2 protein chains.
Amino acid sequence: MATRLSDVAARAGVSVKTVSNVINDYPHITARTRAKVEAAIAELEYTPNVSARSLRKGRSDFIALAVPEMASPYFAELGAAVSRAAKKRGITVLIDQTEGEAAGEKLVLDGMRGQLIDGIIFSPITTSPAKIGSADTAKPLLLLGERHAGGTFDHVAVDSVQASFDATTHLISIGRRRIAAIGVGGGAGTGSVRRKGYRKALKAAGLEVDPTLEVGGPGYHREDGAASMRELLALPEPPDAVFCFNDLLAIGALRALADAGLSAPKDVAVIGFDDIEDGRFHSPSLSTISPDKEWLAENAVALLLDRIAGSAGRRDSAGNGEADRVDLTVPYTLQIRESTGG
Amino acid sequence: MATRLSDVAARAGVSVKTVSNVINDYPHITARTRAKVEAAIAELEYTPNVSARSLRKGRSDFIALAVPEMASPYFAELGAAVSRAAKKRGITVLIDQTEGEAAGEKLVLDGMRGQLIDGIIFSPITTSPAKIGSADTAKPLLLLGERHAGGTFDHVAVDSVQASFDATTHLISIGRRRIAAIGVGGGAGTGSVRRKGYRKALKAAGLEVDPTLEVGGPGYHREDGAASMRELLALPEPPDAVFCFNDLLAIGALRALADAGLSAPKDVAVIGFDDIEDGRFHSPSLSTISPDKEWLAENAVALLLDRIAGSAGRRDSAGNGEADRVDLTVPYTLQIRESTGG
DNA sequence: CTGAAAGCGCTTACAG
DNA sequence: CTGAAAGCGCTTACAG
């Protein structure tokens, strides 16, 4: 049914080896031969069988991106950026939805899709760093997220402590003094990392840390943010500002404010983290920490592909694995919009 | 390096055929043999090589979902639902971002990813129905979107004319008389289909169709909705309600209203289409047409898999292709929220 | 530069 | 029920 390499060879009057050479851009082919082969490929509408190629080469030019949920705007935007970055390099991205479950994440670590994929970019949420560190992955693995810095794998993330410090400091700079944090107990450890930056900023400004103002988690969705905001508004002394550990929480918080007849930034200033597109269109528009997702995607893909190219010869990385591990820090900016009075 | 079937067979003391039988759940295997094999698989941490399997069987258990952009909330939510529906059936979904470009869409139609995928669910936006109809696809293809009803391929979509009629009628039912439409010129023909339902509702209510109130397109993003809304507000006689042909346009429209110091539904009632999650959290929350995305995903995947199973024996569907084509209509509900006074 | 041949790891008739 | 063998469509040493 499908045309094969040998059909093309027959049509062009050359050997299969020559056709293969043309397809794989090997040197030492005369322009004339190349033209003949390319004409035959076009006439027969030939497309190489990737299963056969992958079986033979041990490389598929597929990588996986494993995220908790692809419908979550941050991961959807990240997935789009990673797909684009990979496509530029001739690589296809498989997006894997772990649903944040240990089972799904274990599958990622163990199965690696039956050797189809060459490597994986993994944003874990349930599995602990320790377990990931000891995972016996046959393929290169790159970790996303602040929790995994200093581990045994390559790692790309924002400096979350610094970014959280900046977000909190911004709230202080617009005159707020009773600043809450939403999301401290969640996000796969993200909560504790971002709280660290939040507390640091309070202390640097001589403000007291009040644990009753640190709420939320483990959920990081809009409804969780709304619930946390309601909780804060019910306090004897409600906050005058809130740092939400992601934009989804912040959007929920804005909604809860509106439901209570209050508004940001007048009653409570609100800042988020992620800069998902929707935040720009809310009323009020959402101030946020904006990690450079394009940068993240480009560098994560490039680094993983380097590893894949390098690991072709390696049997075992135990010997030199630790030494050449890379931690990349994603640049970010502070976006000041209406929700903090911008 | 990787363990092979033959390693498992050796370990279990059986033939490769028996191991293959166990893996593929074939009958006539004694419980004892099965247990032995399963133990060997577990001990060796064996995972089948999908490239080899796919090469041999001519089936990969991969399908593709080709959408214009995966970061767009509707497609992200749809992708998540399709992935879930497929996973339940042991199928993996590759998400393909065409970026709405003819080149990307042509690649989908032609290349089919080097015979890796067994079939495709395609949401075209640039390529015309005629071109799609004549595409010589080696693999089963299922089309999404109202524009392609009655074509030569299986097709799953909302009854967009009826849904648009309902959305517009709802605006009339709350007393609005000067009702605009945003998105008429875009969305790959979606615009003209939804306008048909919009006009029908106006006529049914004895209202006049005013072409100056029909704006927007080809873009279907938030900023396009905001631009269209500004255009409408600049009219000598602005509308008192707007039907936006998707939620992204509606969210942009809400934002433009807020920027003009106006609000929905007081000054202008706004209704969208798609029911993306974010619409529920905007202030005001967004009324919309809510297609049942789970239903869509389940049925699209099931139908495509039926075709894949059926096409195994077929050489050419030209003979009987037309006759057994299926058009599925996705159920929807009208969600009345704050933006229309709900 | 080209051709003939082996082999990647499976599945599946074909004999037993 | 099991075993030995062919073959899916490529790529790649190996000879020329």
Side-chain angles (χ1 to χ4, degrees), chain A residues 1-37 40-41 44-62 111-118 138-139 312-313, chain B residues 1-37 40-41 44-62 111-118 138-139 312-313:
Chain A
M1 191 181 106
T3 31
R4 288 155 311 159
L5 202 58
S6 57
D7 300 328
V8 175
R11 176 83 168 216
V14 300
S15 74
V16 294
K17 175 70 161 70
T18 306
V19 180
S20 180
N21 285 345
V22 169
I23 289 170
N24 293 290
D25 262 334
Y26 290 146
H28 308 310
I29 303 171
T30 60
R32 208 180 117 64
T33 306
R34 176 179 292 278
K36 242 185 349 193
V37 170
I41 288 174
L44 298 173
E45 299 185 337
Y46 170 73
T47 50
N49 181 309
V50 304
S51 296
R53 165 180 287 173
S54 163
L55 176 58
R56 181 56 233 243
K57 293 186 71 165
R59 260 199 72 169
S60 63
D61 292 336
F62 276 66
M112 293 290 193
R113 280 195 193 285
Q115 303 146 57
L116 208 219
I117 60 159
D118 296 334
K139 307 286 178 67
Chain B
M1 187 181 111
T3 32
R4 288 154 311 157
L5 202 57
S6 57
D7 300 328
V8 176
R11 177 83 168 219
V14 300
S15 74
V16 294
K17 176 67 162 70
T18 305
V19 180
S20 180
N21 286 345
V22 169
I23 290 170
N24 293 290
D25 263 335
Y26 289 145
H28 310 309
I29 302 172
T30 60
R32 208 180 117 63
T33 306
R34 174 179 294 276
K36 241 182 357 190
V37 171
I41 289 174
L44 298 173
E45 299 185 338
Y46 170 73
T47 49
N49 182 310
V50 306
S51 296
R53 167 180 286 173
S54 164
L55 176 59
R56 180 57 234 242
K57 293 187 71 164
R59 262 199 71 169
S60 62
D61 291 338
F62 276 67
M112 292 290 193
R113 278 194 194 287
Q115 302 145 59
L116 207 221
I117 61 160
D118 296 334
K139 305 288 177 69

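First the proteins, then the strands, lettered A, B, ... as listed; each starts at 1. These figures come from a predicted structure and were not determined experimentally.
Rounded to a whole Å, the CD1 atom of B:Ile23 is 11 Å from the C1' atom of C:dG9. Taking atom CG on B:Asn49 and atom C1' on C:dC10, their separation rounds to 7 Å, with Å as the unit. Straight-line distance from the CG atom of B:Leu5 to the P atom of C:dG9: 11 Å, rounded to whole Å. Rounding to whole angstrom units, CD1 of residue A:Ile41 and P of D:dC10 are separated by 11 Å. Atom pair A:Arg4:CZ and D:dT11:C1' shows a separation of 16 Å (rounding to whole Å applied).
Scored by the side chain to side chain donor-acceptor pair (under 3.5 Å) test, A:Ser6 finds no partners at all (sequence neighbours excluded). By the side chain to side chain donor-acceptor pair (under 3.5 Å) test, A:Lys17 pairs with A:Asn21, sequence neighbours left out. A search for salt bridge (Lys or Arg N to Asp or Glu O under 4.0 Å) contacts involving B:Arg59 returns B:Asp61, B:Asp118, not counting sequence neighbours.
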Discussion item. Run A:Arg34 and A:Val37 through side-chain contact (heavy atoms from CB on, under 4.5 Å) and show every step you take.
Written reply: CA-CA 5 Å; A:Arg34 176 179 292 278; A:Val37 170; 5.9 Å; no

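Here C:dG9 is the nucleotide among C:dT11, D:dT11, C:dG9 with the atom lying nearest to any side-chain atom of B:Ala52. Of the candidates C:dC1, D:dG3, C:dT11, D:dG3 carries the atom nearest the B:Ser15 side chain, counting heavy atoms from C-beta on.
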Taking only N/O atoms, report every protein-nucleotides 12-14 of chain D pair under 3.5 Å with atom names and distance.
from	atom 1	to	atom 2	distance (Å)
D:dT12	OP2	A:Tyr26	OH	3.1

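Consecutive pairing runs in DNA chain C reach the stem threshold at C:1-3 with D:14-16, C:5-12 with D:5-12, C:14-16 with D:1-3, where a stem means at least three Watson-Crick or G-U wobble pairs with distances under 3.5 Å.
B:Ser54 and B:Ser51 share no donor-acceptor pair across their side chains, judged by distance under 3.5 Å alone.
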